[in-house]
Participant: 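Questions regarding the structure given below will be posed in turn.
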Amino acid sequence: MLSFLQYLISGLSLGSIYAIIALGYTMVYGIAKMLNFAHGDFIMIGSYVIFTVVTTLSGGSIPGLLVAIVCCTLIGVTTERIAYRPLRGAASPLAVLITAIGVSYFLENLALLVFGSDTKSFTPVVSWSGLVLADGKLRIQGVTIITIIVSIVILIALQTFVNKTREGQAMLAVAQDKGAATLMGINVNRTISITFAIGSALAAVAGALLCSAYPSLTPYTGAMPGIKAFVAAVLGGIGSIPGAMIGGLCLGIVEILSKTYISSQLSDAIVFGILIIVLLVRPTGILGKNIQEKV
Amino acid sequence: MALLEVKDLKVYYGVIQALKGISFHVDKGEIVALIGSNGAGKTTTLHTLSGLLQPRSGEILYNGKNITKVPGHKIVSMGMAQVPEGRRVFPDLTVAQNLRLGAYSRKDQAETEASFEYVYKRFPRLKERQNQAAGTLSGGEQQMLAMGRALMSHPDIILMDEPSMGLSPILVNEIFDIIREVHEDGTTVLLVEQNAKKALAIADRAYVLETGTISTEGKASDLLGDESIRKAYLGE
């Protein structure tokens with residue numbers, strides 16, 4: 001029983017990381033109506049920035065995280081400006097999707113060029129060793145607890161921002177109708193830039209937590225978590241902020257439990273199998289809205 | 001000086017020319033109707049005025065200032081608001097949130113609250129439903145919300161695109177009464193309508209748009225009596 005609890009908590013922690021990444025995916029999709037497949041690579045870039053500040057420059061974890069947040073925000077906004085915005089009016093939505101895949105390869109190969117292909121050993125951002133409960137039978141790592149808390153704080157902050165602030169309301173307006181939003185005086189380009197900035201800053205945070213829990217860093221570190229988080233966002237209902245959270249947590253728990261109790265080789269297959277089943281039953285995801293038109 | 005003056009406006013969708021050089025003006029305090037059949041270019045005209053479309057050539061003067069190149073999101077703060085075709089309320093936001101977005105361009109909180117009061121007084125049903133999602137409103141209520149949302153910016157001129165579309169005859173009368181009241185409160189109105197009879201009945205002047213060009217213009221009362229207009233647009 002205690003070991004089950006242990007695995008459940010690990011699952012929650014991994015799920016919280018997926019959730020933070022998925023929040024970035026889902027906000028960008030919801031507002032700019034595009035899938036930023038390079039989002040996972042923003043995580044990797046953020047992690048390398050932290051690695052550089054902490055290990056190469058001996059700068060400390062917190063400054064490292066702050067520099068990473070700034071770098072990722074700049075990369076996110078710049079990518080949107082030079083690679084995605086010119087294609088926003090393109091005849092096919094595939095144009096921007098393919099560009100995003102191109103950006104993903106570009107960033108991976110850039111990291112390969114700059115940092116090399118060898119695995120870097122990441123110094124965890126969280127130094128707290130954690131809690132030991134039930135006479136040492138239940139150990140919860142510090143990074144696990146911090147990850148879960150951070151994801152909850154981010155969720156609450158984002159929900160408050162979107163529902164209570166002027167800029168947040170502008171985002172929802174742009175998400176629903178860009179033309180009508182323009183008529184309200186909302187600068188659609190600026191709103192989309194802000195969305196990319198927030199999503200990319202979250203990617204830096206996710207990178208710090210991911211590499212603290214699994215401390216080996218390569219140029220491909222972000223790729224698989226990026227895809228898993230995309231699955232989480234779809235599972236929860238893409239475009240929905242609470243949906244990304246629920247999707248991320250479900251995915252993390254299922255992944256850890258199936259790794260433990262079924263097969264570690266099959267766990268990814270199980271995760272994607274669940275996605276297929278959920279989409280067959282509820283094509284819009286767990287919290288996705290039913291699409292209805294009013295005449 | 002006209003409040004709004006359009007000179008030789010040409011607009012293209014790719015290679016297709018939607019507006020072939022139209023000119024018209026709206027004076028302060030007028031209701032001007034722009035009538036014409038489907039595809040004549042009425043909505044294109046309003047989209048271009050609000051900066052959602054860029055013209056190939058021509059000029060738009062507002063209060064004597066050339067606003068042809070001003071980006072769309074800066075138009076509403078200059079005093080020109082639009083009630084778009086098909087209402088286009090934000091369906092997942094509440095009525096109150098929709099109205100607040102209407103005042104997005106305004107910085108003064110007290111003025112925004114005053115506009116809320118004005119709009120709720122004009123549309124009591126919106127007040128009753130202020131916490132309801134806009135997508136759950138009836139068509140008539142959505143039209144009122146779209147009008148209220150445009151009024152939240154306290155515009156000098158309001159552009160209305162087919163406000164009567166898809167509404168029952170009783171609601172159409174109600175909407176036209178509201179347009180008249182909004183005008184009496186001091187707002188200039190540029191009204192685009194397929195319901196030419198209703199539009200000409202409340203307008204001071206009117207322009208008839210035919211496949212991208214203005215074919216007829218004049219006093220609304222004269223056009224109502226014009227034989228060819230009656231045949232083409234009033235179904236007589």
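Letters A, B, ... mirror the listed sequences (proteins, then strands); counts begin at 1. Reckoned from all heavy atoms, side chains included, excluding hydrogens, waters and symmetry mates.
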Participant: So which of B:Asp92, B:Leu52, B:Val89 has the largest heavy-atom pair count under 4.5 angstrom toward chain A?
Facilitator: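 Looking at each option in turn, the highest pair count goes to B:Asp92.
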Participant: Kindly indicate, with the supporting measurements, whether the criterion side chain to side chain donor-acceptor pair (under 3.5 Å) is fulfilled by A:Ser104 and A:Asp41.
Facilitator: CA-CA 6 Å; A:Ser104 168; A:Asp41 300 294; 2.5 Å; yes
Participant: Is it the case that the ring center of A:Tyr25 lies less than 6.0 angstrom away from the ring center of A:Tyr29?
Facilitator: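 Here the rings of A:Tyr25 and A:Tyr29 have centres that are no less than 6.0 Å from each other.
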Participant: Chain A: which of B:Pro91, B:Ser77, B:Gly86, B:Gly102 shares the most heavy-atom pairs with it under 4.5 Å?
Facilitator: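 Result: the option with the highest number of such pairs is B:Pro91.
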Participant: Tell me, out of A:Thr182, A:Asn163, A:Val188, A:Leu172, who's got the most heavy-atom pairs with chain B below 4.5 Å.
Facilitator: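 Among A:Thr182, A:Asn163, A:Val188, A:Leu172, the one with the most close pairs to chain B is A:Thr182.
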Participant: Counting heavy-atom pairs under 4.5 Å to chain B, which of A:Ala170, A:Gly179, A:Ala181, A:Ala173 comes out on top?
Facilitator: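 Of the candidates given, the most pairs with chain B belong to A:Ala173.
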Participant: Pick one of side chain, backbone, both or neither for B:Leu101, based on which atoms fall under 4.5 Å of a heavy atom in chain A.
Facilitator: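 Answer is both: backbone and side chain atoms of B:Leu101 are under 4.5 Å from chain A.
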Participant: So do B:His154 and B:Glu111 actually touch side chain to side chain, heavy atoms under 4.5 Å?
Facilitator: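 Sidechains of B:His154 and B:Glu111: no contact.
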Participant: Tell me whether A:Arg85 forms a cation-pi arrangement with A:Phe196, defined as NZ or CZ under 6.0 Å from the six-membered ring centre and within 45 degrees of its axis.
Facilitator: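 No, A:Arg85 does not lie over the aromatic ring of A:Phe196.
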Participant: Take atom OH in A:Tyr105; do more than 12 heavy atoms of anything else shown fall under 6.0 Å from it?
Facilitator: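 Atom OH in A:Tyr105 is not crowded, with 12 or fewer foreign heavy atoms closer than 6.0 Å.
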Participant: Less than 4.5 Å to any heavy atom of chain A: does that hold for the side chain of B:Pro71, its backbone, both, or neither?
Facilitator: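 Looking at B:Pro71, nothing touches chain A.
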